[in-house]
2 protein chains.
Amino acid sequence: MVRAGLTTERLTRAGAELADEVGFDQVTVSALARRFDVKVASLYSHLKSSQDLRTRIALLALEELADLAAAALAGRAGKDALTAFADAYRDYAREHPGRYDAARYRLDPEAAAASAGGRHAQMMRAILRGYDLAEPDSTHAVRLLGSVFHGYVSLEAAGGFSHSAPDAQESWEWTLDRLDAMLRNWPMR
Amino acid sequence: MVRAGLTTERLTRAGAELADEVGFDQVTVSALARRFDVKVASLYSHLKSSQDLRTRIALLALEELADLAAAALAGRAGKDALTAFADAYRDYAREHPGRYDAARYRLDPEAAAASAGGRHAQMMRAILRGYDLAEPDSTHAVRLLGSVFHGYVSLEAAGGFSHSAPDAQESWEWTLDRLDAMLRNWPMR
DNA sequence: TGCATTTACCTAATAGCTTTAGGCAAGTGG
DNA sequence: CCACTTGCCTAAAGCTATTAGGTAAATGCA
């Protein structure tokens with residue numbers, strides 16, 4: 001009997017692919033076993049539980065997204081940086097909807113602490129350094145950016161913008177324009 | 001044997017309560033049957049499927065949220081309206097996290113068409129009438145508002161803002177201030 | 001190379017959720 | 001008061017999650 005060569009790593013990556021194909025909430029230990037043509041119980045040597053699998057996929061997605069965002073950000077500043085970062089988010093969500101959902105999976109505190117979540121916040125702070133905000137405004141602004149990016153991307157993914165003109169791309173550019181202007185014209189009344 | 005008096009309505013409402021207690025993704029036909037002290041199969045005379053149940057809860061949540069938002073909006077305009085509407089969203093999400101998640105449940109096109117989703121968009125347009133935007137700006141702005149509200153509320157619900165200062169309420173007020181200013185100072189460079 | 005150990009995957013079993021088919025008794029209308 | 005509708009039930013099949021314990025493949029060491 002030839003062994004399948006399962007490892008936690010491979011299972012996690014395959015789980016991420018599965019998520020993109022069938023949706024994160026459809027990712028199941030059984031489906032993953034089928035994909036490797038292996039019995040379900042066999043996965044339990046590599047994964048603690050179904051939750052464990054989902055958590056690992058979430059952590060993978062957060063890493064990937066942080067890496068992509070970091071690459072997009074390299075060498076840019078100001079609106080250029082803002083746009084590059086935002087596009088990295090949106091592109092990732094469009095190319096990897098299951099992984100993007102995974103990145104929104106609620107992690108337990110220890111997993112969250114070990115995640116790339118901190119890098120995401122750091123990068124937003126870096127972007128805001130190109131604008132002139134003092135505390136606590138910059139924290140507020142980090143939260144606003146996070147809200148807009150996540151909100152837009154998830155509404156778009158849910159099909160919220162697909163059945164009306166103008167198209168989603170246009171509103172996205174408009175939104176980034178407005179955000180940039182808001183951050184530059186500071187403070188305004 | 002005394003009958004339990006099940007109806008689709010009652011099941012949907014109980015499902016919504018269940019969602020708030022244990023999370024929308026934990027809402028299950030079995031759990032609902034337990035709550036009514038009735039056998040699982042009995043629910044299938046009132047519900048087509050587990051999906052059907054979730055869809056009904058989603059529609060209920062969208063209605064409730066639209067009603068609350070409409071009430072909050074009544075007699076207000078400008079920033080006052082913006083704040084009242086946004087607070088209605090946020091308060092609903094905080095008081096009814098399961099229902100709020102339900103309202104984000106992806107509906108099939110027919111369910112979506114029959115939902116209160118349209119009212120939500122209409123109300124945002126009504127708010128924007130207090131600012132001076134022409135098409136396509138007002139559509140872009142509707143999308144931005146939706147993104148910010150949903151994004152903020154869902155990040156807050158996920159605990160994203162709970163472990164750092166300043167507190168979430170402050171950032172929320174700041175955000176609404178900024179949005180209002182952005183919409184008033186129009187256009188800006 | 002040959003044996004011992006580890007490890008990868010398996011069978012078997014339990015338990016929960018979903019869904020369908022068919023039955024009986026409680027309520028309802030003529 | 002009898003016929004009918006309808007509400008809830010039992011039974012059963014299929015899928016997922018998870019654990020316990022077994023066997024064969026890979027690995028390490030003499």
Side-chain angles (χ1 to χ4, degrees), chain A residues 1-60 98-99 101-102 105-108 110-111, chain B residues 1-60 98-99 101-102 105-108 110-111:
Chain A
M1 209 177 297
V2 185
R3 297 195 177 183
L6 306 181
T7 65
T8 303
E9 286 282 319
R10 282 190 68 195
L11 289 172
T12 304
R13 274 199 301 274
E17 282 162 30
L18 190 57
D20 287 336
E21 290 165 26
V22 304
F24 183 60
D25 44 349
Q26 303 298 317
V27 170
T28 174
V29 182
S30 298
L32 203 51
R34 247 174 266 133
R35 170 159 300 214
F36 281 94
D37 202 30
V38 132
K39 298 296 168 181
V40 188
S42 305
L43 302 202
Y44 282 83
S45 329
H46 306 281
L47 303 169
K48 274 211 289 293
S49 65
S50 187
Q51 247 230 44
D52 181 42
L53 171 61
R54 278 189 285 274
T55 298
R56 286 177 191 281
I57 296 172
L59 293 174
L60 173 68
R99 283 156 145 105
D101 270 4
Y105 184 61
R106 185 154 198 177
L107 300 170
D108 41 291
E110 37 172 348
Chain B
M1 209 176 294
V2 185
R3 297 195 176 182
L6 306 181
T7 65
T8 304
E9 286 284 318
R10 283 189 68 196
L11 289 172
T12 304
R13 274 200 300 274
E17 282 162 31
L18 190 57
D20 287 335
E21 290 165 26
V22 304
F24 182 60
D25 45 347
Q26 304 297 317
V27 171
T28 174
V29 182
S30 298
L32 203 52
R34 266 190 299 272
R35 171 159 300 215
F36 281 94
D37 201 30
V38 132
K39 298 296 168 182
V40 189
S42 306
L43 302 202
Y44 281 82
S45 329
H46 306 280
L47 303 169
K48 275 211 289 292
S49 66
S50 187
Q51 247 230 44
D52 181 42
L53 171 61
R54 278 189 286 272
T55 298
R56 286 176 190 281
I57 296 172
L59 293 174
L60 173 69
R99 283 156 145 105
D101 269 5
Y105 184 61
R106 186 157 198 175
L107 300 170
D108 42 290
E110 37 172 350

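What you see below is based on every heavy atom in this structure, not just the backbone, and it leaves out hydrogens, waters and symmetry mates. First the proteins, then the strands, lettered A, B, ... as listed; each starts at 1.
When distances are taken from the side chain of B:Val29 to each of D:dT18, D:dT16, C:dT18, the shortest belongs to C:dT18. Proximity note for A:Ser45 (side chain, C-beta onward) versus C:dT19, D:dT19, C:dC9: the nearest is C:dC9. Closest approach to the A:His46 side chain among D:dT16, C:dC17, C:dC9 is made by C:dC9 (side chain taken as heavy atoms from C-beta onward). Here the side chain of A:Ser49 is nearest to one of D:dT18, C:dC9, C:dT19, namely D:dT18. When each of D:dC15, C:dT11, C:dC17 is scored by its nearest atom to the side-chain atoms of B:Arg34, the top-ranked nucleotide is C:dC17. With C:dC10, D:dA17, D:dT18 as the candidates, the nucleotide lying closest to the side chain of A:Ser30 is D:dA17. Closest to the A:Val38 side chain, of the nucleotides D:dC15, C:dT20, C:dC10, is C:dC10. Nearest nucleotide to the B:Ala41 side chain, out of C:dC17, C:dT20, D:dC8: C:dT20. Distances were taken from every side-chain heavy atom of B:Ser50 (C-beta onward) to each of D:dC9, C:dT19, C:dT11; the shortest belongs to C:dT19.
Atom CG in A:Asp37 sits roughly 18 Å away from atom P in C:dA8 (whole-Å rounding). The interatomic distance linking B:Asp52 (CG) with C:dT18 (P) rounds to 13 Å, in whole Å. The separation between A:Leu11 atom CG and C:dA8 atom C1' is 12 Å, rounded to whole Å. A straight line from CG of B:Leu6 to P of C:dG27 spans 14 Å, rounded to a whole angstrom. Atom CZ of A:Arg54 is separated from atom C1' of D:dA17 by 10 Å (rounded to the nearest Å). Distance NZ (B:Lys39) to C1' (C:dC24): 16 Å, rounded to an integer number of Å. Atom OH in B:Tyr44 sits about 8 Å away from atom C1' in C:dC17, given to the nearest Å. Atom pair A:Gln51:CD and C:dG16:C1' shows a separation of 17 Å (rounding to whole Å applied).
Considering every non-hydrogen atom in both A:Ala102 and A:Ile57, the closest pair reads CB-CG2, 3.7 Å.
Side-chain contact between B:Leu107 and B:Thr55 is present, with at least one heavy-atom pair separated by less than 4.5 Å.
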From CA spacing to verdict: side-chain contact (heavy atoms from CB on, under 4.5 Å), A:Leu32, A:Val27: CA-CA 7 Å; A:Leu32 203 51; A:Val27 170; 5.7 Å; no

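Contact annotation: A:Ser42 reaches the phosphate of C:dC10 (side-chain N/O to OP1 or OP2, under 4.0 Å).
The pair B:Glu17-B:Arg13 does not count as a salt bridge, with every side-chain nitrogen at least 4.0 angstrom from each carboxylate oxygen.
For the residue pair A:Ser50 and A:Arg54, a side-chain donor N or O sits within less than 3.5 Å of a side-chain acceptor on the partner.
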